[in-house]
There are 2 protein chains.
Amino acid sequence: MLRLSKLTDYAIVILSFMAKEELQGHTAVEIASVTGIAVPTVSKILKLLVNAKILSSTRGAKGGYALARLSENITIAHVISALEGPIALTECSISQQGCEQASGCSIRGNWNLINQTIHNALASVTLADMVKPAPVPALAWKQEVLIPVASLYR
Amino acid sequence: MLRLSKLTDYAIVILSFMAKEELQGHTAVEIASVTGIAVPTVSKILKLLVNAKILSSTRGAKGGYALARLSENITIAHVISALEGPIALTECSISQQGCEQASGCSIRGNWNLINQTIHNALASVTLADMVKPAPVPALAWKQEVLIPVASLYR
DNA sequence: ATGATTGTGTACCATTATAGTACTATTTAA
DNA sequence: TTAAATAGTACTATAATGGTACACAATCAT
């Protein structure tokens, strides 16, 4: 489904929460309780975000995490690469020496274009955008069938 | 990594091959030998593409597969959804009743925007585009480190 | 100083998804 | 009727993901 991993999904939820009080710090435990995600999992995610310089951390009592930059300067593309590595749809797009597929692959250049386009799309949305009130739902939404979340996340 | 599954990757290689002689039919065995992908795997992929109306098939002796439409009318978005289901980065983007995440999720509308953008990017590239000679590689490419393919696909 | 609090790093396990395979049924041309 | 081809179903092994546990390091309050 071309989908993000759960961890990335969580990361964005966590960051959205933190973006609401930009300057304030939060502990892993606090974030876990607010978001409903298990503490060890939250820690794991926060650590990755710190490594990617998206969050800053202070250790020890009274420590915690805070955004390292303003939410306008944090893009979704950045968050995704922090959690999942470089954004690329195919293996052979990451390195270029890629595909030795006999005849099929004079395609690399074109894949590269697609990857670039997608990267741009993701880089054009910032955390600040995510926190803004959602635009009015399109008409189509209203006709959709409702499904309980439990069934989605198995 | 936001990556496509191998099967989808294969599918695009297969379709690219078929797009070179638009009108001609090919058997699963033939396609397998040209692309180097195992026959059962090829069959599986072809079947999915037939279900998605991207290919047409004729059974029996002298049967085989052919593009159901001109390659200009087959988009990458179409191929991806055939193999992986609806294109959406998060679970809650598929249905809308989605996320009951306590506080984090007034975000759906915004995710929807991202998904739409990405879908547009993928829908703007056709099979015909993929078969065209690749544009001149960007400068950056030349500086990349080469990695043997084997190490990529484990 | 000492202990409580909080992040860091590493390693591990269970579950799930993916890729691949095998087998049988169905269709059609010669 | 037989051979060639697709269609469908079910199964299995491998890899990736998500989640957990535990020992360590840093900092603050007392």
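Proteins come first, then strands; the chains are lettered A, B, ... in the order of their sequence lines, and each starts at number 1. As the structure is a prediction and not an experimental result, all values here were calculated from the model.
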According to a strict under-4.0 Å criterion, is [X] in side-chain N/O contact with OP1 or OP2 of [N]?
X       : N      : result
B:Ser43 : D:dT6  : no
B:Tyr65 : D:dA7  : yes
B:Ser5  : C:dA17 : no
A:Ser57 : C:dT8  : yes

To the nearest 0.5 Å, what is the distance between [atom1] ([X]) and [atom2] ([Y])?
X       : Y        : atom1 : atom2 : result
A:Leu7  : A:Lys44  : CG    : NZ    : 6.0 Å
B:Ser71 : B:Asp129 : OG    : CG    : 8.5 Å
A:Leu55 : A:Arg69  : CG    : CZ    : 9.5 Å
B:Tyr65 : B:Lys47  : OH    : NZ    : 8.0 Å
B:Glu21 : B:Leu67  : CD    : CG    : 10.0 Å
A:Leu49 : A:Ile54  : CG    : CD1   : 5.0 Å

inquiry  = Between A:Glu84 and A:Thr8 (side chain of the first, backbone of the second, donor and acceptor by atom type, cut-off under 3.5 Å), is there such a pair?
reply    = no
request  = Kindly give the heavy-atom pair with the smallest separation between A:Ala38 and A:Ala32, and that separation in Å.
outcome  = C-CB, 4.4 Å
key: Stretch residues 21-31 of chain A: residues that reach within less than 4.0 Å of DNA chain D through a heavy atom   = none
request  = Quick one: label B:Leu7 by what it contacts on the DNA or RNA (base, sugar-phosphate, nothing), any heavy atom closer than 4.0 Å.
outcome  = sugar-phosphate
Short N/O separations, protein against nucleotides 9-14 of chain C, under 3.5 angstrom:
residue: C:dG9; atom: N7; partner: A:Lys47; partner atom: NZ; Å: 3.1

ask   = Any luck finding a side-chain donor-acceptor pair between B:Glu72 and B:Thr126 under 3.5 Å?
value = no
note = Of B:Val42, B:Thr35, B:Ile45, B:Leu15, the one forming a side chain to side chain contact (heavy atoms under 4.5 Å, CB included) with B:Tyr10 is B:Ile45
Between [N] atom [atom2] and [X] atom [atom1], what is the distance in whole Å?
X       : N      : atom1 : atom2 : result
A:Asp9  : D:dG19 : CG    : P     : 11 Å
A:Leu83 : D:dA16 : CG    : P     : 18 Å
B:Leu46 : D:dA7  : CG    : P     : 9 Å
A:Lys6  : C:dT15 : NZ    : P     : 13 Å
A:Ile45 : D:dT17 : CD1   : C1'   : 12 Å

task = Applying side-chain contact (heavy atoms from CB on, under 4.5 Å), run through B:Leu127 and B:Ser16 and close with a yes or a no.
result = CA-CA 7 Å; B:Leu127 247 197; B:Ser16 301; 4.2 Å; yes
Look for any protein N or O under 3.5 Å of an N or O in nucleotides 27-30 of chain D and output each such pair with its distance, or none.
residue: D:dT27; atom: O2; partner: A:Ala61; partner atom: N; Å: 3.1

